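Working notes for the structure below.
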Amino acid sequence: MALELDSADLAARVLAAVPASDARAVESALVPTIEVGSTEMPDVLAFLRDEPGLEFKLFVDATAVDRETPQGLVEVLYIVRSIVDFGWSIVLKTAVDAAEPSMPTCAGVHKGINWAEREIYDMFGVNFDGHPDLRRILMYPEFVGHPLRKSYPYQKRQPLTPERDPLANPWPKRN
Amino acid sequence: MSTEESRKNLAMATDPLSEIMELQMGPSHPACHGTVKFDLRLDGENIISMDTTLGYLHRGFEKMCEQGTWTQVIPYTDRLNYASPNINNFIFCEAVERICGIEAPERATYIRVILSECSRLADHLTCIGMSVTELGAISAGFYMNEARELFYNLNAHVTGARVTVSYGRVGGLLRDVPPDFEQVVRAAIKRTEEVLSDCEKLLERNRIFADRMAGIGILSKEEALSYGLTGPLLRATGVSYDVRKAVPYMFYDRFDFEVPVGTKGDNFDRVNVRWEEMRQSIRIIDQAFKQMPTAGRVLVDDPRYALPEKKDVYENIEGLMNHFKIVIEGVRVPVGEIYFAGEGANGELGFYVVSDGSGRPYRIRVRPPCWYGMAALEDMVRGHMVSDLTAIFGLVNMIGGECDR
């Protein structure tokens with residue numbers, strides 16, 4: 001069954017369900033994209049997941065883009081796919097302040113978001129409030145900085161960390 | 001073991017009289033192909049919980065991509081997945097082509113399809129071959145390695161390199177295939193079909209293999225969707241989602257092929273789905289050869305994206321300037337961003353590509369399919385024994401280069 005709608009229709013339905021989200025479709029985007037407010041992102045994802053007829057239940061990916069705009073923004077993106085029509089995926093975009101990036105976690109909506117948000121925290125330093133387990137995932141605990149931020153010099157070296165004594169200095173445990 | 005039974009095991013494990021042992025498995029464990037560390041909490045042999053540490057192979061793929069030109073990203077994409085480098089190459093090129101609004105010539109696209117499906121065969125052979133080797137079925141593993149070797153040799157014959165192929169270009173391919181391409185591919189496939197039927201006899205009705213596979217590592221349909229599993233892991237749970245059918249790219253809408261699905265979502269289904277997919281890949285390759293034009297360009301005829309002929313570079317100034325511009329400044333990709341996904345051997349391989357109109361990528365994000373498989377691994381192994389972790393992990397088919405980037 002094909003989903004007969006475009007991103008503007010979908011944005012209107014999101015706006016009707018979560019009025020605070022300021023959802024609007026990005027007309028110029030090459031793939032269906034909707035911008036929403038960062039605090040309403042969990043509600044929007046949950047609405048898209050549960051709404052009969054839409055059922056965006058397949059979590060595809062979450063990532064971020066560091067925009068070097070004057071106001072300093074980090075865009076956080078969530079991509080979900082409808083199980084009614086697997087050809088339909090939607091990019092949900094939100095912007096957070098680059099100086100102290102933080103937004104509520106969406107880890108409760110889809111299970112895969114847990115690791116995806118850990119990676120965004122690791123690479124971009126976005127703090128996800130309420131995340132169950134916000135540790136670095138690809139870099140090691142002693143690493144300083146967030147390497148995919150544009151302000152992080154790509155040739156920067158980090159000091160060698162001494163060999164870890166697992167009893168005196170164990171790896172950070174899961175909460 | 002059903003999910004209910006695993007939960008019951010978990011309840012038994014929290015018995016205050018039982019002693020819980022913590023065990024670190026990895027990062028370089030002989031029974032796990034891939035550098036990954038598992039911190040296990042065990043009750044006897046049963047796994048109560050597991051924490052996964054990744055990142056041992058992290059080399060900053062996404063940061064490196066932002067430093068060079070668009071064409072310089074292509075060699076990095078080879079190194080994401082050693083078993084199916086062609087698929088990574090071509091899906092990245094397709095993503096960039098969609099921002100540019102160009103299409104690769106017909107012959108180039110058919111060659112992409114054929115090499116992608118050969119890579120899918122090689123990847124599934126690697127996955128199943130390695131997994132059964134870790135379970136002790138070493139002869140089946142060696143037979144499958146023999147077949148995989150044919151596809152690596154095919155890569156070497158066509159591109160000049162076994163693994164680091166760098167054969168795709170924005171707008172087509174590096175060069176045309178050698179004249180005996182079809183014979184080499186058909187010979188490789190003929191031998192692969194023999195290997196598949198031999199190995200099927202070795203494994204399919206083998207009691208030990210069935211006991212290690214059936215009912216192990218079950219994940220429900222809802223959990224698989226929620227974790228973002230795709231590819232054989234999702235199809236094993238019964239969801240018929242294949243990017244090649246759902247959003248046809250390249251020429252996948254011109255071929256007649258089936259999407260195999262499982263019923264229970266256990267290890268046995270994961271093997272069988274991969275097994276059937278290999279047969280479907282062979283069908284696609286056969287149809288592609290029948291439809292492919294016998295001659296024609298393999299790179300788009302557009303001086304903005306294609307290097308000029310060597311004759312023009314040496315003999316006239318426009319050709320020389322064009323060559324210089326493309327090599328030094330890189331292909332100019334217009335401003336735009338796109339999420340483009342194709343069906344990698346492990347699932348949906350996506351690229352989120354952002355271009356700011358300069359000659360360099362502004363941001364490239366890879367969605368590695370095995371990343372989400374690793375996220376779901378804890379739910380798959382909970383309640384099972386340590387030896388089952390090897391089997392389940394093998395069929396998640398974590399590729400370190402792709403997962404850790």
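Everything numeric in this text was worked out from a predicted model, so none of it was measured. Letters go in sequence order (proteins before strands), and every chain restarts at 1.
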Given heavy-atom pairs under 4.5 angstrom as the criterion, report whether the side chain, backbone, both or neither of B:Q67 touches chain A.
side chain

What part of B:K221 gets within 4.5 angstrom of chain A, counting heavy atoms only: side chain, backbone, both, or neither?
neither

Under 4.5 Å heavy-atom distance to chain A, tell me which part of B:M64 shows up: side chain, backbone, both or neither.
neither

side-chain contact (heavy atoms from CB on, under 4.5 Å) evaluation trace for A:R135 with B:D51
CA-CA 12 Å; A:R135 287 175 294 161; B:D51 187 18; 3.1 Å; yes

Chi angles and distances behind the salt bridge (charged side-chain N to carboxylate O under 4.0 Å, His left out) call for B:E337, A:K93
CA-CA 12 Å; B:E337 53 187 89; A:K93 231 183 214 189; 3.0 Å; yes

Name the region of A:I79, side chain, backbone, both or neither, that has any atom closer than 4.5 Å to a heavy atom of chain B.
side chain

Inspect the contact between B:E222 and A:R49 and indicate whether a charged nitrogen and a carboxylate oxygen are less than 4.0 angstrom apart.
no

Do A:D61 and B:W371 come within less than 4.5 Å of each other through their side chains, counting heavy atoms only?
no

Counting only non-hydrogen atoms closer than 4.5 Å, does A:R136 touch chain B with its backbone (N, CA, C, O), its side chain (CB onward), both, or neither?
neither

Could you tell me how the ring of B:Y241 sits relative to the ring of A:F86: parallel (under 30°), tilted (30 to 60°) or perpendicular (over 60°)?
parallel

In terms of heavy-atom pairs under 4.5 Å with chain A, the winner among B:Q24, B:H58, B:R405, B:K63 is B:K63

Chain B neighbours within residues 141-149 of chain A, where any heavy atom lies under 4.5 Å away
A:P147, A:L148, A:R149

Using non-hydrogen atoms only, which part of A:Y152 is less than 4.5 Å away from chain B: side chain, backbone, both, or neither?
both

Output yes when a side-chain donor or acceptor of B:Y362 lies under 3.5 Å from a complementary backbone atom of A:D66, and no otherwise.
yes

Does the side chain of B:R363 come under 3.5 Å of the side chain of A:T63 through a donor N or O and an acceptor N or O?
yes

Should B:R365 and A:E119 be marked as a salt bridge (charged side-chain N to carboxylate O under 4.0 Å, His left out) after you check the CA-CA gap, both sets of side-chain angles, and the distance that decides it?
CA-CA 12 Å; B:R365 152 78 182 172; A:E119 191 189 340; 3.1 Å; yes

Step by step, would you call B:Y227 with A:F59 a side-chain contact (heavy atoms from CB on, under 4.5 Å)?
CA-CA 7 Å; B:Y227 267 116; A:F59 169 64; over 6 Å; no

Hey, which residues of residues 339-356 of chain B are touching chain A, say heavy atoms under 4.5 Å apart?
B:Y339, B:A341, B:E348, B:Y352, B:V354

Can you tell which part of B:L229 gets under 4.5 Å to a heavy atom of chain A, answering side chain, backbone, both or neither?
backbone

Below 4.5 Å from any heavy atom of chain A, which atoms of B:V243 appear? Answer side chain, backbone, both or neither.
neither

